[in-house]
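This report refers to the structure that appears directly beneath it.
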There are 2 protein chains.
Amino acid sequence: MEQKPAKASRKPRADSARNRELLLQAAREVFSAGGPGASLEGVARKAGVGIGTLYRHFPTRDALFEAVYRGDIDRLADLAEQLSKEAGPVEALRLWLREGVEVVATKKGMMATLALATDGKQDLFAYSHQRLTAAATALLSRAVEAGEIRDDITPEDLLRALVGLCHAPDRPGWRTSVARLVDVLVDGLKRGNG
Amino acid sequence: MEQKPAKASRKPRADSARNRELLLQAAREVFSAGGPGASLEGVARKAGVGIGTLYRHFPTRDALFEAVYRGDIDRLADLAEQLSKEAGPVEALRLWLREGVEVVATKKGMMATLALATDGKQDLFAYSHQRLTAAATALLSRAVEAGEIRDDITPEDLLRALVGLCHAPDRPGWRTSVARLVDVLVDGLKRGNG
DNA sequence: TTGCAAAGCGGAGGGTGCCTCCGTATAGTA
DNA sequence: TACTATACGGAGGCACCCTCCGCTTTGCAA
């Protein structure tokens, strides 16, 4: 029942690793500027690499998104944990949502990633989805157990709201508008408003 | 200072009007199924009309959206007026948002239209934007004047929330999730939750 | 070092969609 | 019926998507 031939596989090639980095860097820039619809050929051009190379490293557009923004997802998930220790249950929720908004604000491409990560269907985003869901679950259940918010809101609801509110982060007054809405939403979560 | 030559202009051609209708019908179907990214060439094909004809009638994708969904926008705006008479201030808000969600649920293409109409920048959507903003303003200010909700929420905030919550109307449990969030939002609007 | 094959490169090519332009067809009018 | 304003339609130029495969580079072993 041997798992793998384990063929003493040779060291990964240096040019491959280098190109991968070049692509990630280029994608970061292109996506941040141009949003989720940005051209992959543009990314390859900017990286100074053939389009074929891009597709070999990242077989789909989503794979590239995943690779580019996984770090941000992780940071957001970690933040939830930290806030659970440092802030009251409701305040932690509020601050977490605000930070989520803030992250998106600086990276248009992040929106698409967040949306995909929120969607459980994509195998590719299973990891990100799991991390975000766990973060949302933790924040919500803590507040529920403290008896401070209603108990019928799912983590999916919270993520949906986060992603939804972040759409169109270009419009004048976006930040303040979304900040208000986050407040409204969090207030609405509190017990005894029904 | 004659405004126009008023050249006893000839009657508009029958084929033109017919094709316009064919295009609208085809667009309705294609957009409803395929969302905002659906192919315009596909619309033309489905209408049995050349692509040039499509572009002559609707110079941009947005113009087509506008024409297809203006009726829905109007209906939504009218509903706000009606609800103002038939329901309490806060309840009217809640019901209006719910209806907005419902309209989008059945028409993917509507999402894009709503988003565009919410955005003031598009001259093309000036009418729709104005109608929706007026509707939101009426509902909000009525509730504010009744002292039932906070007074720092703008019509733009409300529309942003509506559009935002309606994203990704495909996911399982979408309806109930959004329904919950609308409730949370409206609860959060109420006075005395800060 | 050298030779070799695995691993990786890159861009041509076929497909789709966007939008414009203009020769051709046709509906209204005289 | 003839004439012309009006409308039609699709070819053409562009950009992008993604695949495929001949060529290059790299790591490794002799």
Side-chain angles (χ1 to χ4, degrees), chain A residues 4-27 29-31 33-68 108-109 112 116 122 124, chain B residues 4-27 29-68 108-109 112 116 122-124:
Chain A
K4 268 188 183 181
K7 275 194 66 181
S9 56
R10 54 159 51 175
K11 194 165 93 183
R13 285 173 55 155
D15 52 350
S16 176
R18 179 167 24 91
N19 281 336
R20 193 190 156 85
E21 279 319 303
L22 286 173
L23 281 165
L24 282 175
Q25 183 53 35
E29 294 172 27
V30 170
F31 286 164
S39 145
L40 295 191
E41 305 215 315
V43 171
R45 271 196 299 277
K46 179 156 224 157
V49 135
I51 184 66
T53 298
L54 185 151
Y55 276 97
R56 194 164 338 91
H57 282 285
F58 308 101
T60 67
R61 171 181 294 269
D62 290 348
L64 187 49
F65 272 116
E66 214 275 338
V68 167
K108 287 194 203 170
L116 286 164
Q122 301 267 357
L124 191 60
Chain B
K4 268 188 182 181
K7 279 195 64 183
S9 57
R10 52 159 52 177
K11 191 165 95 183
R13 287 175 53 158
D15 52 351
S16 176
R18 178 167 25 89
N19 281 335
R20 192 189 156 85
E21 280 318 302
L22 286 173
L23 281 166
L24 281 176
Q25 183 53 36
E29 294 171 26
V30 170
F31 287 163
S32 287
S39 142
L40 295 191
E41 305 214 313
V43 172
R45 271 196 300 274
K46 178 155 224 157
V49 136
I51 185 65
T53 298
L54 185 150
Y55 276 97
R56 195 166 336 92
H57 283 284
F58 308 101
T60 66
R61 169 181 295 267
D62 291 348
L64 187 48
F65 272 115
E66 216 275 337
V68 168
K108 287 193 205 173
L116 286 164
Q122 300 266 358
D123 279 7
L124 191 59

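Excluded from the calculations below are hydrogen atoms, water molecules and symmetry mates; all remaining heavy atoms, backbone and side chain alike, are included.
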For [X] and [N], give me the distance from atom [atom1] to atom [atom2], rounded to whole Å.
| X | N | atom1 | atom2 | value |
| --- | --- | --- | --- | --- |
| B:L22 | D:dA7 | CG | P | 16 Å |
| A:L54 | D:dC20 | CG | P | 17 Å |
| A:F58 | D:dT19 | CZ | C1' | 18 Å |
| B:K46 | D:dG9 | NZ | P | 18 Å |

*Counting distance only, does the side-chain N/O of B:K108 pair as donor-acceptor with the main-chain N or O of B:G34 below 3.5 Å?*
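No.
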
Under 4.0 Å between a side-chain N or O of [X] and OP1 or OP2 of [N]?
| X | N | result |
| --- | --- | --- |
| A:R45 | D:dC16 | yes |
| B:H57 | D:dA7 | no |
| B:N19 | D:dC8 | yes |
| B:T53 | D:dA7 | no |

*Determine which pairs satisfy side-chain hydrogen bond (donor to acceptor under 3.5 Å, both in side chains) with at least one residue from residues 14-26 of chain A, sequence neighbours left out, and list them in order.*
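Matches after skipping sequence neighbours: A:R13-A:D15, A:Q25-A:E29.
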
*Only pairs at least two apart or in different chains count here, so list each side-chain hydrogen bond (donor to acceptor under 3.5 Å, both in side chains) that has a residue in residues 32-41 of chain B.*
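Qualifying pairs: none.
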
Sequence neighbours left out, what passes side-chain contact (heavy atoms from CB on, under 4.5 Å) with [X]? Give chain and number order.
| X | answer |
| --- | --- |
| B:L40 | B:F31, B:L54, B:Y55, B:R61, B:L64 |
| A:L124 | A:T60, A:D62, A:A63, A:E66 |
| A:A17 | none |

*NA contact type, A:S16, heavy-atom cut-off 4.0 Å: base, sugar-phosphate, or nothing?*
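Answer is sugar-phosphate: A:S16 comes under 4.0 Å of backbone atoms only.
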
*Describe the nucleic acid contact of B:R20 in one word from base, sugar-phosphate, nothing, applying a heavy-atom distance below 4.0 Å.*
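Result for B:R20 = nothing.
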
*Starting at the 5' end of nucleotides 18-30 of chain C, put B wherever the base has a protein heavy atom under 4.0 Å, S where only the sugar-phosphate does, and a dash everywhere else.*
BBB-----BBBS-

